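A short write-up of the structure that comes next.
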Amino acid sequence: MSAEDAGRRDNAVVRFLKRKWLAIVLVVLLMIVAIQNGVGNDQATIYLLWAQLRMPTWVLVVAVFVVGGVVGWVLARNRAARKARR
C-alpha cells in the first residue's frame, strides 16, 4: 500500500466524520439516555387514542429513535428519487 492510498483512506474517514458527526453525537446521547433510564425502574405512560400504554422509559426512548430513523430514511429516499427524475 502506498502513502497515497493511505492518504485517500484517511481522507475518506475524515470526510465521513465531517458529514456524520451530528448523527454520531446524537446516537451516543441516545445510548446514554437509554442506559440511564434502563437502570431505574421508571415507567412511561402513553395515551394513544383510547388506549393507555405503559412501558419502561428506555423502551420509549429507543422506539422514538427508531421511528425518527425510519422517517429520515423515507424522506431521504424520496428526495433522492425526486432528484433522479430531474
Side-chain angles (χ1 to χ4, degrees):
M1 174 168 41
S2 70
E4 188 176 313
D5 291 337
R8 282 190 197 135
R9 184 175 27 235
D10 290 342
N11 289 339
V13 170
V14 170
R15 271 184 290 165
F16 174 79
L17 290 175
K18 282 183 179 179
R19 281 191 230 143
K20 306 293 183 184
W21 70 268
L22 181 60
I24 293 168
V25 168
L26 290 175
V27 168
V28 169
L29 287 175
L30 166 82
M31 290 171 43
I32 292 169
V33 170
I35 290 169
Q36 284 182 334
N37 284 295
V39 171
N41 282 336
D42 293 338
Q43 292 285 317
T45 303
I46 299 174
Y47 299 96
L48 181 65
L49 298 175
W50 60 88
Q52 180 179 352
L53 304 172
R54 290 194 53 127
M55 64 184 73
T57 306
W58 71 269
V59 172
L60 177 62
V61 169
V62 172
V64 169
F65 175 75
V66 169
V67 168
V70 169
V71 169
W73 175 71
V74 168
L75 292 176
R77 229 178 72 180
N78 289 344
R79 181 178 295 144
R82 276 196 316 261
K83 196 179 266 190
R85 277 187 264 154
R86 289 182 188 175

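Since the structure is predicted, the reported quantities are computational estimates derived from the model, not experimental observations.
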Worksheet item: Using links of under 4.5 Å between side-chain heavy atoms of ILVMFWY residues, direct or through other members, which residues join W50 in one cluster?
Response: L49
Practice prompt. Determine whether more than 12 heavy atoms belonging to other residues, nucleotides or ligands lie under 6.0 Å from atom CE of M55.
Written response: yes
Worksheet item: Do the side chains of L29 and V61 join up, straight or via other hydrophobic residues, at under 4.5 Å, putting them in one cluster?
Response: no
Fill in: Within one Ile-Leu-Val-Met-Phe-Trp-Tyr cluster: L26 and I24, side-chain cutoff 4.5 Å
no
Tell me every residue that passes side chain to side chain contact (heavy atoms under 4.5 Å, CB included) with [X], counting only those two or more places apart in sequence or in another chain.
X	value
A23	none
I35	none
I32	V28, Q36
R54	Q43, T45

Worksheet item: If you take all heavy atoms of A34 and V62, which pair is closest and at what distance?
Response: CB-CG2, 4.2 Å
Worksheet item: Name the one of L60, V67, V66 that satisfies side-chain contact (heavy atoms from CB on, under 4.5 Å) with V64?
Response: L60
Discussion item. Side chains of R15 and K18, heavy atoms from C-beta outward: is any pair under 4.5 Å?
Written reply: no
Worksheet item: Taking R77 for the side chain and W73 for the main chain, is one N or O donor matched with an acceptor at less than 3.5 Å?
Response: no
